[in-house]
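Below is one structure, written out as structure tokens; the observations come after it.
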Protein chains: 2
Amino acid sequence: MTNGDLPTSLHDGTPVNRLGPVERRNSSSSGADHTSAKRRVTIREVANLAQVSLGTVSNVLNNPLVVAPATRKRVLDAIDSTRFVRNTAAHQLRVGKSRTIGVVLLDIANPFFTEIVRGAEHVLREQDYALMLCSTDESAKRERRYFRVLEEHRVDGILVCPVDSDLESAVALVASGIPTVLLDRDGSSHGLCSAAVDDIRGAELAADHLFELGHQAIALVNGPATIRQCIDRKEGARRSVQRARCRSASLKEIVVGALTIDQGEAAVVALLAAEPRPSAVMCANDLLAFGVLRGLAAAGVAVPEEMAVVGYDDVVFASMLSPSLSSVRQPKYELGVAAAELLLEEVTGAPHEHRAIRFEPELVVRASSTPRPVSAPPTN
Amino acid sequence: MTNGDLPTSLHDGTPVNRLGPVERRNSSSSGADHTSAKRRVTIREVANLAQVSLGTVSNVLNNPLVVAPATRKRVLDAIDSTRFVRNTAAHQLRVGKSRTIGVVLLDIANPFFTEIVRGAEHVLREQDYALMLCSTDESAKRERRYFRVLEEHRVDGILVCPVDSDLESAVALVASGIPTVLLDRDGSSHGLCSAAVDDIRGAELAADHLFELGHQAIALVNGPATIRQCIDRKEGARRSVQRARCRSASLKEIVVGALTIDQGEAAVVALLAAEPRPSAVMCANDLLAFGVLRGLAAAGVAVPEEMAVVGYDDVVFASMLSPSLSSVRQPKYELGVAAAELLLEEVTGAPHEHRAIRFEPELVVRASSTPRPVSAPPTN
DNA sequence: TGCCTGATTTGAAACGATTCATTCCTTTTC
DNA sequence: GAAAAGGAATGAATCGTTTCAAATCAGGCA
């Protein structure tokens, strides 16, 4: 393995002359391949080989029934003996469709979005659409940039979970002629298609649950108020407080910069310093809750005894944490499927009216908000 | 709305079931919008408005310095007053580059891959590349299909974590002229670029660790032997067994169909039935380990007392589980960055020789494999 | 004034597919 | 046997850019 068969980057020693043609090519078939840039097969070569015209090849590809069986076979043979692969760019230029869908979401590392993407991908791949995936990391600037890239690519449609609370950017997309469906955001106010879950309701469920357990001072670890989901979830919590029987019920909001584990952990300082000190905390999403749990553990605060915790999204891992995390479940996969189907409908020009699909959230209670029975845990 | 114009699926008098979503039509600006498909602005309109030729507009776009400042300004003004957006398809057709990179991985829902994607995305977006993300779910058929789609789109390059253990498919890609870099797979044997971690070594670390703890019968919950990572990790474990001082050391492999949580949980039955019954189990990845933990908890088997567990990948959530999961850490983000940089180098035609970048794995020991101290946990 | 030079600008020819009005063949019909 | 009908195949025009040889322009210099 020490001989120079295949020089690795670190295999330095002597400077390789960078300009002149290198004399020793990589032994294996690699190397200066891209110089003699593999000439791609075009429809014309197929036509020549099959002794037909361009139009006929095109027909075999797009409209096989109008071609006589014998010729069709000849063309098909030529196609795979030349290894012809249709050039989407040329196709797109002519017909105006790219067979590509853009998906723009807040954070690809969040299992919530991952699950949504899975759902969307499953329906879109059936129709041979390609997905362009973009993760904005909650940055409006990045979102703009991605939208621009997607526009340039003339994607047939976009699924987007917008960064900003107003829907300006999404409306602009639609205005510029790109079918757009909102993901995890209601669009009915702006006449946009959407697949979403009722966030106000979800947050109410969570807060109600905590109040019912007897907590009075509860905290909400929330993301930036630019994000709609954060606004709505706060609103839900607020309503719950107002409805709470006990009038000493209070809600302390702790706003962090992003919906991530790290930010959740960082929020614990403020959480523990709050006056009066909350006995329960709900988080705008599970990642924040994960961070809060970690922070509380580090601070030696027992969950749920000293602090009950509820998350939001119910990502797969929520049930496996220590302690297992109570959370507001959203039908993630189904959300992705619904959004994709909606978009597909619009893209294919099927009879279609813009509409908002809304799912109901559901509270899942687990250990992080359940007072443990006084009896010892099953030790046997 | 009762006429048959547009039958929405659920739009009837029946009560809304809690599972199905609710649909609300959006009154505003719906309907036949897409019929009058927004005519896209072309370079020609810009040219007319700015009173210059096509070539000049193109120069402003691609080669601004050769255009006189005054004309340049005129053109730029025209560009944004017409809201011109360059058509990538046409561009690509002419210059042959699509500014798109395909990323093909095993499972988009696995945080391991998600983290890799993040890394890759961060470097690629700097260069304004778009990403086409494809999740094969470990199916070779799907992989083929995605490769085909990517070829048709003439992506400039592909990052791929191949499904099959041989590298045939990847080699074919390269042969067909698409720069390709392997992700989490070593490619030096085939002269391919790659960014990977030494899986044999990683598995050795895990197994050594278990043997050092005194375990003699250990199990390996492994994925299908078509996947290279699974082969290598088994090999690592095997070597460790052979090296183990104790000659009663044994390794029982339990093969499951996919590297998922569910499959891991399902493996527990076989795990507990194995003869001799293993006292420790290592898993081919963390998702499997998560499932195993879940299964063991359900079966009432205490971890680590009755069964030690070690995962592989060290995804973010591993440290937060109950009990926290020992795992073999891989530099995920860096893997993505390295692979993307390698690809970029090749794509941009920078002086480049195919090479394999290799990272070292690292064992992270946590509660799932650490005998608890006999003293009671801190109850105060 | 006339010629030369270098800086700008022009516009026609690609790129690779799809469309569609024509042309070319067979059959069928009378 | 001629005409009509209809099925197949053709190929030029087109999509929106980029490229590049050629045309144009503005000074500078003798």
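Chain naming here is simple, since letters A, B, ... match the order of the sequence lines and numbering starts at 1 in each.
- Note: A/Y129 OH to A/T348 OG1 = 6.5 Å, rounded to the nearest 0.5 Å.
- A salt bridge between B/R185 and B/D164 is absent, with no side-chain N of the basic residue lying under 4.0 Å from a carboxylate O of the acidic one.
- Atoms CZ (A/R72) and P (D/dG7) sit 15 Å apart, rounded to a whole Å.
- Distances shown here put a side-chain N or O of B/T56 below 4.0 Å from the OP1 or OP2 atom of C/dT10.
- How far CZ of B/R145 is from CG of A/D128: 4.5 Å, rounded to the nearest 0.5 Å.
- Within the nucleic acid shown, A/T71 comes within 4.0 Å of sugar-phosphate atoms alone, with no base atom in reach, counting heavy atoms only.
- Evaluation of the side chain to side chain contact (heavy atoms under 4.5 Å, CB included) rule for B/D77 yields B/K73 as partners, not counting sequence neighbours.
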Output a table of nitrogen or oxygen pairs between the protein and nucleotides 15-19 of chain C separated by less than 3.5 Å.
{"unit_1": "C/dG16", "atom_1": "OP1", "unit_2": "A/R39", "atom_2": "NH2", "d": "3.4"}
{"unit_1": "C/dG16", "atom_1": "N2", "unit_2": "A/A90", "atom_2": "O", "d": "3.4"}
{"unit_1": "C/dA17", "atom_1": "OP1", "unit_2": "A/N87", "atom_2": "N", "d": "3.4"}
{"unit_1": "C/dA17", "atom_1": "OP2", "unit_2": "A/I43", "atom_2": "N", "d": "2.4"}
{"unit_1": "C/dT18", "atom_1": "OP1", "unit_2": "A/N62", "atom_2": "OD1", "d": "3.1"}
{"unit_1": "C/dT18", "atom_1": "OP1", "unit_2": "A/N62", "atom_2": "ND2", "d": "3.1"}
{"unit_1": "C/dT18", "atom_1": "OP1", "unit_2": "A/R86", "atom_2": "NH2", "d": "3.4"}
{"unit_1": "C/dT18", "atom_1": "OP1", "unit_2": "A/H91", "atom_2": "ND1", "d": "3.1"}
{"unit_1": "C/dT18", "atom_1": "OP2", "unit_2": "A/S58", "atom_2": "OG", "d": "3.1"}
{"unit_1": "C/dT18", "atom_1": "OP2", "unit_2": "A/N62", "atom_2": "ND2", "d": "3.1"}
{"unit_1": "C/dT18", "atom_1": "O2", "unit_2": "A/R94", "atom_2": "NH1", "d": "2.4"}
{"unit_1": "C/dT19", "atom_1": "O4'", "unit_2": "A/R94", "atom_2": "NH1", "d": "3.2"}

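- Picking from C/dT10, C/dT8, D/dT10 the nucleotide with the shortest atom distance to the side chain of B/V52 gives C/dT10.
- Following rounding to the nearest Å, A/N63 (CG) and C/dC20 (P) show an atom-to-atom distance of 11 Å.
- Residues B/E345 and B/R355 are paired through a salt bridge, judged by an N-O separation under 4.0 Å between the basic side chain and the carboxylate.
- Residue B/L182 holds its CG atom at 5.0 Å from CG of B/L192, rounded to the nearest 0.5 Å.
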